[in-house]
Visitor: 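Here's a structure for you.
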Amino acid sequence: MKRITALLAFLILPAFAQGAQAKVRIVSTLQDFASISQSIGGDLVEADSLAKGYQDPHFVDAKPSFILKLSRADLLIVAGLELEIGYLPPLIDQSRNTKIHPGSPGYLDVSHGCDILERPVGQVTRAMGDVHPYGNPHFWTDPDNGRIIARSIAAKLAELDPAHRADYEKNLAAFEAKLAEKDKEWLAKMAPYAGAKVVSFHRSWPNFAKHFKLDVVGEIEPKPGIPPSPTHTLEIINLVTRDKIKVILVEPYFDLKTPKYIAGKTGASVVVTYPSVGGLPEIKDYFSLFDTDIDALVKGLGSGGR
Amino acid sequence: MARNRFHASLALLCLLFPMRPALAQEAAPAPASAAELEALRAEVQQLKQQIAALQAQIAALLASQPGAAPAGAAATPAPVVPPTAAPATEAPVPPAAITAATPTQTSNYFNPSISVIGNFLGVGGSNKTEDLPSMSLRESEVSFQAVVDPYARADFFISFPQEGVEVEEGFATFTALPWGLLAKVGRMRTSFGKINTLHLHVLPWPDEPLTIVNLLGGEEGWVGDGVSVAKLIPMGEVFSELTAQAFRGDAEGLFEAPGRELAYNAHYRIFTDLTESTNLDFGLSYARGPNGITERSDTQLEGIDTTFRWKPLRTATYRSMSARGEYIRSRKDLLLGTERAAGWFLSAEYQLAKRWFLGGRYERAEQADDAALLDKGGAAILTFWPSEFSQLRAELRRRIYATGETADEILVQIQFAIGAHGAHPF
């Protein structure tokens with residue numbers, strides 16, 4: 001009995017000792033959440049993400065190397081709303097890490113509390129394409145949601161690592177202050193184009209459009225997840241011509257062929273907008289994400305290829 | 001009784017509610033004529049009567065329930081009156097009566113995710129060795145998947161082949177074990193190689209390669225009832241996992257136990273990202289089980305599997321490539337000595353566009369019972385995915401059998417999935 005106790009102590013004690021000093025290891029599905037976590041956690045955390053910012057977040061491969069990352073995580077941050085349904089559940093199951101199972105303290109769904117748009121009303125069928133029954137999962141492209149995400153992460157970090165609660169609160173305050181200041185700048189830049197009609201490739205931008213007062217009047221995809229079809233492309237060309245739309249938004253992971261074809265027929269300009277941090281090497285954090293997108297948009301809307 | 005009736009009328013209101021927009025729609029487009037108004041009035045009157053009648057029925061039902069209301073209240077038949085005009089002398093209603101009026105159906109929240117996959121196969125050309133029907137709903141697979149409790153999840157795959165029903169897989173996975181372990185108990189596709197772990201509908205071809213057919217017990221591969229334990233052995237950033245499995249010593253076409261002997265399988269898997277867009281999967285397998293020819297005769301299996309994938313992340317949904325190969329060697333104790341047979345296949349798929357994949361496969365395998373009999377074949381495959389939930393595929397296949405027959409065929413496979421969105425296979 002003694003020997004067993006000693007053995008157990010030998011196994012368990014180092015784990016505690018290590019936990020006391022080690023950084024909080026955060027794994028997020030999207031780079032955006034890793035970046036915000038890094039801003040809130042600073043040196044106290046180590047944040048990594050599964051998907052890259054230039055990758056279609058719906059189609060991430062469930063690579064075993066991700067199982068390794070998850071097996072070592074103290075905190076898993078997800079977008080929720082079934083955005084990760086194609087790859088995350090089997091990875092969590094195989095992670096051998098109960099800390100990050102849904103419902104455990106180390107699992108954080110940052111969509112909670114955010115303003116989620118396009119929740120389908122009425123019956124949902126796949127005749128509508130790849131719809132998300134819980135609402136549009138591209139919610140982090142609104143700085144107001146970014147603030148809520150940052151608060152959720154700060155609260156979670158304070159819960160997991162109460163010793164550094166004050167640090168997380170301080171960093172959160174700094175993040176919020178910077179976000180408020182930057183948001184004023186972004187809104188000012190976008191103000192001249194309030195109500196401007198745009199077309200996007202995929203339905204990734206309702207939250208962004210709401211915050212910056214754009215009007216997304218159509219998508220190049222006939223239905224979410226369905227590639228462009230000739231008839232629908234023709235409809236979009238007519239729409240762009242009729243409404244004198246200046247800008248076609250395309251996420252970095254979609255083929256530019258159809259958007260460019262539409263632009264060629266109508267004189268609108270194709271603007272690649274990045275939905276996530278890491279979409280370009282210079283998009284290093286949540287702030288440069290909006291800096292980049294808004295500059296590109298302003299350029300497109302202002303000069304307006306037409 | 002007042003509250004009773006209140007609940008009853010609430011329920012009725014809920015029932016009637018969907019009718020209201022319909023009425024509004026009928027009335028809205030043009031100013032209603034006198035005749036239309038009259039018709040509406042009659043309809044409303046009729047509805048009122050129906051409500052009253054239903055109220056009476058509900059009240060009677062509630063009253064007749066034992067213990068629902070004090071004896072005095074229960075004895076009086078419920079009067080047909082509008083809900084506002086409640087009699088003044090009402091006994092207080094015990095809680096039981098209130099709950100009786102609310103739906104008693106149990107919650108659907110914890111129902112498993114359900115999906116159904118149809119796998120339709122049409123075959124043209126001639127083949128006397130493997131006689132696939134000209135057209136068949138080859139398989140309908142129903143899956144039920146859910147988390148059991150904080151410690152386990154369960155997955156059931158019920159397959160309806162051409163005839164009958166079978167549990168293709170049904171297992172619990174224990175996800176909360178210490179020491180990097182993951183255990184499965186139940187019936188499962190065994191971890192021998194890579195292809196054997198995959199269901200027919202996620203294979204990159206419409207058919208099983210000859211290597212599986214000849215050396216792993218037939219078209220179905222090796223499915224076992226038993227226990228599996230997998231240990232994660234990380235080596236830096238390289239994923240490595242050792243799986244040990246024990247199964248009942250019977251598996252159709254592969255193992256046969258005279259008594260309660262078991263079949264064992266061990267699989268070691270290494271996965272590494274070579275670059276951001278390329279990765280390599282490598283596996284070694286060893287299995288051993290009784291073959292029933294004599295009391296102590298065994299079949300031993302050894303396998304190597306490898307998969308290389310290329311998928312640049314930015315254009316991941318448009319362009320990708322994967323190549324895989326598997327080698328299986330069998331040593332089967334027969335009455336006179338041991339038969340050694342081997343087989344392998346190589347295959348590759350290239351994604352031409354968002355929804356189009358072109359593939360090829362070369363296969364050759366000796367037969368486990370007689371290694372002198374060699375079957376071989378080649379195939380070209382074109383796959384189109386209208387959406388993530390349906391798939392059309394055509395395979396041009398030539399197989400040269402040990403019998404001397406050369407069969408040229410076209411296999412056309414149409415698959416369609418409904419229900420819960422499962423994880424994408426990797």
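Just so it is clear, the values below take in all heavy atoms, side chains as well, and ignore hydrogens, waters and symmetry mates. By convention in this document, chain letters (A, B, ...) are assigned in the order of the sequence lines, proteins followed by strands, and residues within each chain are numbered from 1.
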Visitor: Could you label the plane-to-plane angle of the A/H58 and A/H202 rings as parallel, tilted or perpendicular, counting under 30° as parallel and over 60° as perpendicular?
Guide: perpendicular
Visitor: Considering only heavy atoms and a distance below 4.5 Å, find which of B/K354, B/R153, B/R269 pairs most often with chain A.
Guide: B/R153
Visitor: Check this for me: does any side-chain nitrogen of one of B/R309 and B/D281 sit under 4.0 Å from a carboxylate oxygen of the other?
Guide: yes
Visitor: May I ask you to check whether over 12 heavy atoms, not counting those of B/Y151, lie within 6.0 Å of atom OH?
Guide: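 Not buried by this count: 12 neighbours or fewer within 6.0 Å.
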Visitor: When only pairs under 4.5 Å are counted, which of B/S387, B/G180, B/P150, B/P234 shares the most heavy-atom pairs with chain A?
Guide: B/G180
Visitor: Does one side chain, of B/H267 or B/E241, offer a donor that lies under 3.5 Å from an acceptor on the other?
Guide: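 Short answer, no.
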Visitor: Please classify the contact between A/P64 and chain B as side chain, backbone, both or neither, with a heavy-atom cut-off of under 4.5 Å.
Guide: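 Both parts, heavy atoms under 4.5 Å.
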Visitor: Heavy-atom distance under 4.5 Å to chain A: side chain of B/A353, backbone, both or neither?
Guide: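 No part of it gets close to chain A.
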Visitor: For B/V147, which atoms come within 4.5 Å of any heavy atom of chain A: side chain, backbone, both, or neither?
Guide: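 Nothing of B/V147, per the 4.5 Å heavy-atom cut-off to chain A.
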Visitor: Select one option (side chain, backbone, both, neither) describing which atoms of B/T173 are under 4.5 Å from chain A's heavy atoms.
Guide: neither
Visitor: For each of B/L232, B/T317, B/T315, tally heavy-atom pairs with chain A at distances under 4.5 Å, and name the one with the top tally.
Guide: B/L232
Visitor: Please flag which part of A/S65 lies under 4.5 Å from any non-hydrogen atom of chain B: side chain, backbone, both or neither.
Guide: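 Its backbone and side chain both get close to chain B.
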Visitor: Is it the side chain or the backbone of B/E276 that comes within 4.5 Å of chain A heavy atoms, both, or neither?
Guide: both
Visitor: Looking at B/E349 and B/R393, is there a salt bridge between them, counting it only when a charged N and a carboxylate O are closer than 4.0 Å?
Guide: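 Salt bridge between B/R393 and B/E349, a charged N being under 4.0 Å from a carboxylate O: no.
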Visitor: Less than 4.0 Å between a side-chain N and a carboxylate O, is that true for B/E168 and B/R189?
Guide: yes
Visitor: Only pairs of heavy atoms separated by less than 4.5 Å count here; which of A/I85, A/T98, A/N97 has the most with chain B?
Guide: A/I85
Visitor: Using a strict threshold of under 4.0 Å (side-chain N to carboxylate O), is an ion pair present between B/E326 and B/K194?
Guide: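 Result for this pair is no, no salt bridge flagged.
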Visitor: Checking B/K231 against chain A: side chain, backbone, both or neither under 4.5 Å from a heavy atom?
Guide: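 For B/K231, the contact with chain A is made by the backbone alone.
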Visitor: Counting neighbours of CD on A/E282 that are heavy atoms of other residues, nucleotides or ligands and sit closer than 6.0 Å, is the number greater than 12?
Guide: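 Enclosed: over 12 neighbouring heavy atoms sit under 6.0 Å from CD of A/E282.
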Visitor: Using the ring of each side chain (for Trp, its six-membered ring), is A/F139 parallel, tilted or perpendicular to A/F33, with breaks at 30° and 60°?
Guide: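 Rings of A/F139 and A/F33: parallel, as their planes differ by under 30°.
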Visitor: Pick whichever of A/Y54, A/F59, A/Y253 has the most heavy-atom pairs under 4.5 Å with chain B.
Guide: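 Most heavy-atom pairs within the cutoff with chain B belong to A/Y54.
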Visitor: Return the option, out of B/P178, B/A230, B/P386, with the maximum number of heavy-atom pairs under 4.5 Å with chain A.
Guide: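 Option with the top pair count is B/A230.
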Visitor: Can you label the angle between the A/H138 ring and the A/W140 ring as parallel, tilted or perpendicular, going by 30° and 60°?
Guide: tilted
Visitor: Answer yes when A/E219 and A/R203 have at least one side-chain N-carboxylate O distance shorter than 4.0 Å, and no when they do not.
Guide: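 Looking at A/R203 together with A/E219, the answer is yes, because their closest N to O distance falls below 4.0 Å.
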Visitor: Heavy-atom cut-off 4.5 Å, strictly under: side chain, backbone, both or neither for A/Q94 against chain B?
Guide: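 Looking at A/Q94, backbone and side chain both touch chain B.
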Visitor: Given the options A/K69, A/R72, A/E251, which has more heavy-atom pairs under 4.5 Å with chain B than any of the others?
Guide: A/R72
Visitor: If I measure from the heavy atoms of chain A, does B/R314 come under 4.5 Å with its side chain, its backbone, both, or neither?
Guide: both
Visitor: Can you tell me which of A/D255, A/I226, A/D56, A/L88 forms the most heavy-atom pairs within a distance under 4.5 Å of chain B?
Guide: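 Between A/D255, A/I226, A/D56, A/L88, the count favours A/D255.
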Visitor: Under 4.5 Å from any heavy atom of chain A, what part of B/F239 do you find: side chain, backbone, both or neither?
Guide: both
Visitor: Taking atom OG of A/S49 and atom CG of A/L30, what is their separation to the nearest 0.5 Å?
Guide: 7.5 Å
Visitor: A/K52, A/Q55, A/K63: which one forms the most heavy-atom pairs within less than 4.5 Å of chain B?
Guide: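 Answer, by heavy-atom pair count under 4.5 Å with chain B: A/K63.
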